[in-house]
Amino acid sequence: MPTGSSSLPASLPASAFEGWDGSTAQARELQLALARRVCLEDDFVPLRRVAGVDVGFEEGGTITRAAALLLDAESLQVLASRLVRQPTSMPYVPGLLSFRELPAVLEALRGLPELPDLIFSDGHGIAHPRRLGIAAHLGVVTGLPTIGVAKTILTGVHAELGEERGARVDLCERRTGEVIGSVLRSKTRVRPLIVSPGHRVSLASAPELVMRFVTRYRLPEPTRLADRLASRRDEA
DNA sequence: GCGACAG
DNA sequence: ATCTTGTCGC
């Protein structure tokens, strides 16, 4: 079987949650099982192509719009972009975001001419109650390296953060003190980003990679562009 | 039992 | 996320 040729979007899994019965209870169990497969070791080189994915909604939330863009890691030039629309399957439930958004995201990724070496996803990676935010979920089911870039905290606490661009502090699990991500000031005097590894990226590398793709805006280019496309403040 | 709660 | 205009600040 074609097990070695894994550079085609067609190799992406058909489903992000095999055998899910639709219940929120089983969804949480599935998250615990998938979280055990998360890899926090750096394994994303060579980094030639990166992707940004995000989701938006239309028609009062009945239609889900997922955007995926492929950029050259060196020039940040957009090589390809894909926008897919699907009927929304379930409401937003804190902690279960991936069950609502991943189907559309996977479909958008399938439309890219090639798979990326790293994916920047909106939302959290392991900075999640069960360590499986949408970025981690996406990474585990696709096998691709991923990083979660969120605008607000879902869970965790942190020390005060410096005001200058580049300032960073650990995001920790309140009870155990376990480090689950970083609070990162991507721009001076701007609300910080919450960055956490999704899959095949370490806690230390995640914020460095994000800064590497930040230009003049708060969000790193892959997610900023995907955000614009998915939220239709754009065209296509 | 009472909050908190990515997008 | 989305509904929404102008406005203050770097």
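Chain naming here is simple, since letters A, B, ... match the order of the sequence lines and numbering starts at 1 in each.
- Distance OH (Tyr92(A)) to P (dA6(B)): 4 Å, rounded to an integer number of Å.
- Residue Asp21(A) comes nearest to Gln26(A) through the heavy atom pair N-OE1, 2.6 Å, listed as atom of the first residue, atom of the second, then distance.
- Gly56(A) comes within contact range of the sugar-phosphate backbone alone, with a heavy-atom separation under 4.0 Å but no base atom that close.
- The nearest whole Å value for the distance from the CZ atom in Arg189(A) to the C1' atom in dC10(C) is 8 Å.
- Base engagement by Ile134(A) is indicated by at least one non-hydrogen atom pair under 4.0 Å involving a base atom.
- Checking Thr88(A) against Thr62(A) by side-chain atom types alone, no donor-acceptor pair falls below 3.5 Å.
- For the pair Ser231(A) and dT2(C), the criterion of a side-chain N or O lying under 4.0 Å from OP1 or OP2 is met.
- Leu96(A) comes within 4.0 angstrom of a nucleotide base, judged by non-hydrogen atoms across all strands.
- The neighbour count for Arg165(A) CZ, taken as heavy atoms of other residues, nucleotides or ligands under 6.0 Å away, is above 12.
- The CG atom of Leu70(A) sits 10.0 Å away from atom CZ of Arg48(A), with the distance rounded to the nearest 0.5 Å.
- Rounding to whole angstrom units, CG of residue Leu154(A) and C1' of dA6(B) are separated by 4 Å.
- Taking only side-chain atoms of Lys151(A), from C-beta outward, the nucleotide of dT2(C), dA6(B), dG7(B) with the closest atom is dG7(B).
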